[in-house]
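Letters go in sequence order (proteins before strands), and every chain restarts at 1.
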2 protein chains.
Amino acid sequence: MTRSLDPAIQAPESVSELLERLDRIAGTLPKRLGQCADFLRHNIHLVAVSTVADLSAGAGVQPSAFMRFCQALGFSGFSEMQALFRAEYREFRPDYSERLSQLRRGGDDSPASLAASFAEAGHKSLVNLVNTLDHRALARAAEILADAGTIHLVGLRRAFAIVSSMGYLLDKMTVPAVVHRTFGQIESDHAIRSGDALLAVTFAPYSPETLELAIRAAERGIPVIALSDTAECPLRDVAEALLVAREMEVGAFRVPTAALTLATSLAVAVAQRRESRD
Amino acid sequence: MTRSLDPAIQAPESVSELLERLDRIAGTLPKRLGQCADFLRHNIHLVAVSTVADLSAGAGVQPSAFMRFCQALGFSGFSEMQALFRAEYREFRPDYSERLSQLRRGGDDSPASLAASFAEAGHKSLVNLVNTLDHRALARAAEILADAGTIHLVGLRRAFAIVSSMGYLLDKMTVPAVVHRTFGQIESDHAIRSGDALLAVTFAPYSPETLELAIRAAERGIPVIALSDTAECPLRDVAEALLVAREMEVGAFRVPTAALTLATSLAVAVAQRRESRD
DNA sequence: GTCCAAATGGAATAAATCTTCCATATCGGG
DNA sequence: CCCGATATGGAAGATTTATTCCATTTGGAC
């Protein structure tokens, strides 16, 4: 009765827990079970809508081998594993078809179908963010901001929502941070002291005020992190790290979903680093 | 042999074709089959991962009734219909899931894996937004704001990013809008004049300032639209329309992805309505 | 090369799920 | 109110799908 490699093991309770376990045991599996693991990793989305026969054929093994694989993962069998994927699917699948028929019925400019379009654009922006994210640059940015005395944030127009949200979040996590160019401020260079750092958020077409503030800070030796929507951002040369978050458009409009997600991640990472340092 | 209402009918070959047929015959179906149609329209995404027993229970009918419903749609049975949904699902290939799990693997507290988690949460928030969005309330909100003289926006703390972004967007589209409770303002009731409308954005735990401003406005007959993260928002009774955008958390943190998406949709819808009116 | 433990393939069995059938109930027209 | 047509519920049967079992193969240690 070798139900799993470790007989005391329990079944994963979520897909991400499963993937974690998969990674952990991946190297230790025998050939056929390894094929299953490999196939699963690359076709994870098929599990909810396939049979063991389908999946085992895809992996190039016998159904019984796939069965043993499920048990090695800690499940009682395939059905239990599939139930996990189906549950996750039920909860989080966009109802695109419903939306399509909504469009057919209601016409293209109903606010709800507009919202569906923006939501879809948001999905794409997030996928793109994850696929193109520069890990090194993000880690670097987190380090620099964690080492800084005060974190200065600047961003105008579309970028202001990003910095204000980040300012609030950092403040709530007791990280010293100030948002610049608000409340009728014209100049705020003097508030940026040696040992501080600046995060400049600017999207095309770039606000001259933001660029100038960042450039002056860089000239004084203040480390600058830039968050923009293209790699061709004018700050690319003065910034210690350039983070890029590109948004998909709906008509001429964009929701800064990816930028906000990236900024929030950065803020949380910075706060974590600061805490672990105290 | 009454396989379907029209014996010459052929099975739909895509989900949208199916929905079209569903709309066409919806009114003509007997009671139980009507229940099936209604349930299907609202839970179309469940078909791929459910059994007839599940679906018929959901619709409140016997499995045999659901069977007859499938046949009325032109399918030979449930399995044929389900195959359609499974096929469509297999094709929608989120190729980023692989990437996402790679990121997650790279250590739990690296900024990049944090970003991956937030991105994943964002996807879920958007899916949830689309699936639970109250079309009627959104359309109502757009109407009211389009009819208003000036649109007043209020939202503090986490909600401020939403209103500031919306304020910028409305302004860019030449819609009269002002953001309240900024720049050290204490009172701003007097700026809200008859014929105007107020959009209040507030998330649990609700800012008293926002609630009070909204309540006072409502008492004066100003129409109030509320945007919140639950249907239990304290403004639910005073608001003409309550919009709900719930965000998935990562640890204790949230990115207001869904709220921002909804707010942007609303702003664009309002601007469109105003333009078509001029 | 031999032996043992582990892995594998394939077929037999068990379980679940789909589908049909028919007795009963409901509805509408005359 | 009666009758025929249609709709319905429930359970039995057919089919698909999951799971287990075991004979055979493989791979590695000595």
Side-chain angles (χ1 to χ4, degrees), chain A residues 1-7 9 11 18 25-40 46-87 89-90, chain B residues 1-7 9 11 18 25-40 46-87 89-90:
Chain A
M1 153 66 134
T2 48
R3 168 133 297 180
S4 69
L5 300 183
D6 174 356
I9 209 168
L18 182 157
I25 67 170
T28 75
L29 292 171
K31 187 175 164 205
R32 295 277 115 114
L33 268 49
Q35 283 173 244
C36 294
D38 197 52
F39 181 78
L40 187 63
L46 291 183
V47 179
V49 297
S50 303
T51 65
V52 246
D54 293 340
L55 295 177
S56 59
V61 305
Q62 289 286 325
S64 52
F66 204 91
M67 227 41 226
R68 284 192 295 271
F69 169 69
C70 295
Q71 291 166 353
L73 246 29
F75 297 103
S76 69
F78 173 72
S79 297
E80 195 177 310
M81 174 169 128
Q82 188 178 51
L84 205 64
F85 284 88
R86 292 191 167 175
Y89 174 92
R90 284 199 183 88
Chain B
M1 156 69 138
T2 49
R3 168 133 301 180
S4 71
L5 301 182
D6 174 357
I9 210 168
L18 182 158
I25 67 170
T28 76
L29 293 171
K31 187 176 164 205
R32 294 280 114 115
L33 269 48
Q35 283 174 243
C36 294
D38 198 52
F39 180 79
L40 188 63
L46 292 184
V47 178
V49 297
S50 303
T51 65
V52 247
D54 293 340
L55 295 176
S56 59
V61 305
Q62 289 286 325
S64 53
F66 204 92
M67 220 52 222
R68 284 192 295 271
F69 168 70
C70 295
Q71 291 166 353
L73 246 28
F75 297 103
S76 69
F78 173 71
S79 297
E80 194 177 311
M81 174 168 128
Q82 189 178 51
L84 204 65
F85 285 88
R86 308 246 249 222
Y89 174 75
R90 286 199 183 88

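Put simply, CG on A:Leu33 is 10 Å from C1' on C:dT8, counting in whole angstrom units. Summarising the geometry, the separation between CD on A:Gln82 and P on D:dA18 is reported as 7 Å, rounded to the nearest angstrom. Between the CG atom of B:Leu29 and the P atom of C:dT26 there is a distance of 20 Å, given to the nearest Å. Taking atom CD on B:Glu80 and atom C1' on D:dT16, their separation rounds to 16 Å, with Å as the unit. When rounded to the nearest whole Å, the span between CE of A:Met81 and C1' of D:dA18 equals 13 Å. Here D:dA7 presents its P atom at 17 Å from CZ of B:Phe66, a figure rounded to the nearest Å. Rounded to whole angstrom, the span from the CZ atom of B:Phe78 across to the C1' atom of D:dA14 amounts to 17 Å. Regarding A:Leu55, its CG atom lies at a distance of 12 Å from the P atom of D:dT19, rounded to whole Å.
Distances shorter than 4.0 Å separate some side-chain N or O of B:Gln62 from OP1 or OP2 on D:dG10. Proximity of A:Gln71 to the phosphate of D:dT20: a side-chain N or O atom is located under 4.0 Å from OP1 or OP2. Residue B:Ser79 places none of its side-chain N or O atoms closer than 4.0 Å to OP1 or OP2 of C:dT17.
Out of D:dT17, C:dT20, D:dT8, the shortest distance to the side chain of A:Thr51 is found at D:dT17. Ranking D:dA18, D:dT8, C:dC18 by closeness to the B:Arg68 side chain, first place goes to D:dT8.
Using a 4.0 Å heavy-atom cutoff across all strands shown, A:Ser64 reaches at least one base atom of the nucleic acid.
Counting heavy atoms from C-beta on, the side chains of B:Gln82 and B:Cys70 never come closer than 4.5 Å. Side-chain contact between A:Leu33 and A:Val61 is absent, with no heavy atoms from C-beta onward closer than 4.5 Å. For the pair A:Leu84 and A:Phe75, the minimum side-chain heavy-atom distance is below 4.5 Å. Side-chain contact between A:Met81 and A:Leu18 is present, with at least one heavy-atom pair separated by less than 4.5 Å.
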Steps toward side chain to side chain contact (heavy atoms under 4.5 Å, CB included) verdict (A:Cys36, A:Arg68): CA-CA 10 Å; A:Cys36 294; A:Arg68 284 192 295 271; over 6 Å; no

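In terms of position on DNA chain D, the residue among A:Lys31 and A:Gly77 whose nearest nucleotide sits closer to the 5' end is A:Gly77.
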